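Since this is a predicted model, take the numbers as computed values, not measurements.
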Amino acid sequence: MFRSVKQNFEGMLYIFPSFLLFAIFVFYPMVRTGYLSVHMTDFQGNPTNFVGLEHFRYLLEDVNFQQSVKATLLFVLYTVPPTIIIALSLALLANEKVKGIQLFRTLFSSTLGMSVAASSVIWMFMYNPAIGVINRIITALGGEERQWLLNPDTALIAVAVATVWMNIGFAFLILLGGLQNIDSSLYENAKIAGVSYMYQLRRITIPLLSPTLFFVTTVSLIHAFQTFGQIDILTKGGPMNATTVIVYSIYREAFINYNFGFASAQAVVLFFIVLLVTIVQFAVVERKVHYQ
């Protein structure tokens, strides 16, 4: 009995530093955000008056918040599927055993080593209507110049393209690792049987890679809902709130308008949106995952 208690106590000591970090940087901010979401606050973020669910009621009627929800969902749609598809295609290519493939593996994963700020500045110059390389290529092909980041019809897509480029490196590395863990004897047997490459892809590669695909998809979805840096640098939520996703709306309400209670209410809504998406992922998509 004493030995068991001692072992449990030692185990608690090992996990205590991690638990302390989670308590300080995760659990306390979550509880504090929920507390502020039902209060009015002053300019320093201190709660003043209890308002209950008044902030959430206003959110349902706020046109700007509805637009930010729409922008967020569109941004997720524009970024997650293309990132997974492109990264998977590159991983399949880089998994081939040909001479010099290591160079391409390095190139495909190079975006992982760049910060969001540096990448956003690069894309800002590329989208520049006067000196940007994108407009120069378009005009060279006979097209017309565009104000990519200043046009409400193209701004969100432009930011999404930059985001896909930033996220490909991470997804590529994870998917490549998953591909390299697949038993090569399965492909050798398939070649002996004379089956096509597409058949191998459908019957061997995708099913055995499904746990990795599930992980990358879940992480990419959560990351897309939390995107902030490139939007702040490239468009600052504009033009006409076309790129104001929920995270940027939270930032603007809290640190520009100093309305911390309303911003906290938006953060709570975003938390439940991400939680719902994650639950759906595990409830629906995970059923098609083959772990063996």
Student: Using modelled atom types only, decide if a donor and an acceptor are shared between the side chain of Q66 and the backbone of L60 within a distance under 3.5 Å.
Tutor: yes
Student: side-chain contact (heavy atoms from CB on, under 4.5 Å) between N257 and F262: does it pass, once the steps are laid out?
Tutor: CA-CA 10 Å; N257 300 332; F262 189 57; over 6 Å; no
Student: Mind telling me whether Y248 and F228 have parallel, tilted or perpendicular rings, with 30° and 60° as the class edges?
Tutor: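 Taking Y248 first and then F228, their aromatic rings lie parallel (interplane angle under 30°).
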Student: Mark yes when over 12 heavy atoms from residues, nucleotides or ligands other than E144 sit less than 6.0 Å from its CD; otherwise mark no.
Tutor: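 Check fails, neighbour count at 12 or below.
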Student: Has the side chain of T48 got a donor or acceptor atom that lies under 3.5 Å from a matching backbone atom of M40?
Tutor: yes
Student: Are any of the side-chain nitrogens in E188 or K191 under 4.0 Å away from the carboxylate oxygens of its partner?
Tutor: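 K191 and E188: not salt-bridged.
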Student: Under a 3.5 Å distance rule, please check whether S264 uses its side chain to pair with a backbone N or O of L36 as donor and acceptor.
Tutor: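 Looks like no, no N/O pair under 3.5 Å.
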Student: Take the angle between the ring planes of W165 and W123 and call it parallel below 30°, perpendicular above 60°, tilted in between.
Tutor: perpendicular
Student: How far apart are the closest heavy atoms of L77 and P82, and which atoms are they?
Tutor: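 Here L77 and P82 meet closest at O-CD, 3.9 Å.
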Student: Should the heavy atoms of other residues, nucleotides or ligands under 6.0 Å from OH of Y199 be counted, would the total exceed 12?
Tutor: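 12 or below, so no.
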Student: Hydrophobic cluster membership, with links at side-chain heavy-atom distances under 4.5 Å among I/L/V/M/F/W/Y: are L186 and V195 in one?
Tutor: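 Result: no, two separate clusters.
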Student: Which pair of heavy atoms, one from I231 and one from T227, lies closest together, and at what distance?
Tutor: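 Reported closest heavy-atom pair: CD1-O, 4.2 Å.
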Student: Is it true that a side-chain atom of S119 and a backbone atom of V116 form a donor plus acceptor pair closer than 3.5 Å?
Tutor: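 Absent.
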Student: Under a 4.5 Å side-chain heavy-atom rule over Ile, Leu, Val, Met, Phe, Trp and Tyr, are F271 and L59 clustered together?
Tutor: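 Hydrophobic grouping puts F271 with L59.
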Student: Between F215 and V284, is there shared hydrophobic-cluster membership here, with clusters defined by ILVMFWY side-chain heavy atoms closer than 4.5 Å?
Tutor: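 No, F215 and V284 fall in different hydrophobic clusters.
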Student: If you count every heavy atom of other residues, nucleotides or ligands that lies below 6.0 Å from F50 atom CZ, does the total exceed 12?
Tutor: yes
Student: Output all residues satisfying side-chain contact (heavy atoms from CB on, under 4.5 Å) with P129, sequence neighbours left out; order by chain, then residue number.
Tutor: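 Only N135, Q147 meet the side-chain contact (heavy atoms from CB on, under 4.5 Å) criterion with P129.
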Student: Let me see the working for F104 and L93 under side-chain contact (heavy atoms from CB on, under 4.5 Å), right down to the final yes or no.
Tutor: CA-CA 9 Å; F104 290 96; L93 178 63; 5.9 Å; no
Student: Hey, mind stepping through I84 and S220 against side-chain contact (heavy atoms from CB on, under 4.5 Å) and telling me if it holds?
Tutor: CA-CA 8 Å; I84 302 301; S220 298; 3.9 Å; yes
Student: Which atoms form the tightest heavy-atom contact between R136 and I131, and what is the distance?
Tutor: NE-O, 3.9 Å
Student: Looking only at atom types and distance, does a side-chain atom of T212 sit under 3.5 Å from a main-chain N or O of L175, one as donor and one as acceptor?
Tutor: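 Flag not set: sc T212 to bb L175 has no pair under 3.5 Å.
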Student: Heavy-atom count check: over 12 atoms from other residues, nucleotides or ligands less than 6.0 Å from Q44 CD?
Tutor: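 No.
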Student: Could you tell me whether M240 atom CE has more than 12 heavy atoms of other residues or ligands within 6.0 Å of it?
Tutor: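 Counting neighbours around CE of M240, 12 or fewer heavy atoms of other residues, nucleotides or ligands fall under 6.0 Å, so no.
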Student: Using only atom types and a distance under 3.5 Å, with no angle test, would you say the side chain of T111 pairs donor to acceptor with the backbone of G169?
Tutor: yes
Student: Applying side-chain contact (heavy atoms from CB on, under 4.5 Å) to L92 and L201, what does each step give before you reach the verdict?
Tutor: CA-CA 10 Å; L92 290 170; L201 184 64; 3.8 Å; yes
Student: Can T243 and T235 be counted as having a side-chain donor-acceptor contact under 3.5 angstrom?
Tutor: yes
Student: In terms of hydrophobic clustering (I, L, V, M, F, W, Y; side-chain heavy atoms under 4.5 Å; direct or indirect links), are M198 and I206 co-clustered?
Tutor: yes
Student: Please confirm whether the ring centroid of F19 lies under 6.0 Å from the ring centroid of F22.
Tutor: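 Between F22 and F19, which both carry aromatic rings, the centre distance is not below 6.0 Å.
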Student: Using only atom types and a distance under 3.5 Å, with no angle test, would you say the side chain of N128 pairs donor to acceptor with the backbone of M124?
Tutor: no
Student: Treat each ILVMFWY residue as a node, draw an edge where side-chain heavy atoms are under 4.5 Å apart, and state whether V159 and I122 are in one component.
Tutor: yes
Student: Can a donor-acceptor pair be found between the side chains of R252 and N241 at a distance below 3.5 Å?
Tutor: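 Judged by distance alone, the side chains do pair up.
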Student: Got a second to check how far Q266's CD is from I250's CD1, nearest 0.5 Å?
Tutor: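 It comes to 5.5 Å.
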Student: Taking atom OH as the centre, does Y28 end up with more than 12 heavy-atom neighbours from other residues, nucleotides or ligands that are less than 6.0 angstrom away?
Tutor: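 No, not enclosed.
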Student: For R105, look at atom CZ and say whether over 12 heavy atoms of other residues, nucleotides or ligands are found less than 6.0 Å away.
Tutor: yes
Student: Would you confirm whether N95, through its side chain, and A91, through its main-chain N or O, come within 3.5 Å as a donor-acceptor pair?
Tutor: no
Student: Checking side-chain polar atoms at under 3.5 Å, does T205 have a donor or acceptor matched by the opposite partner on Y187?
Tutor: yes
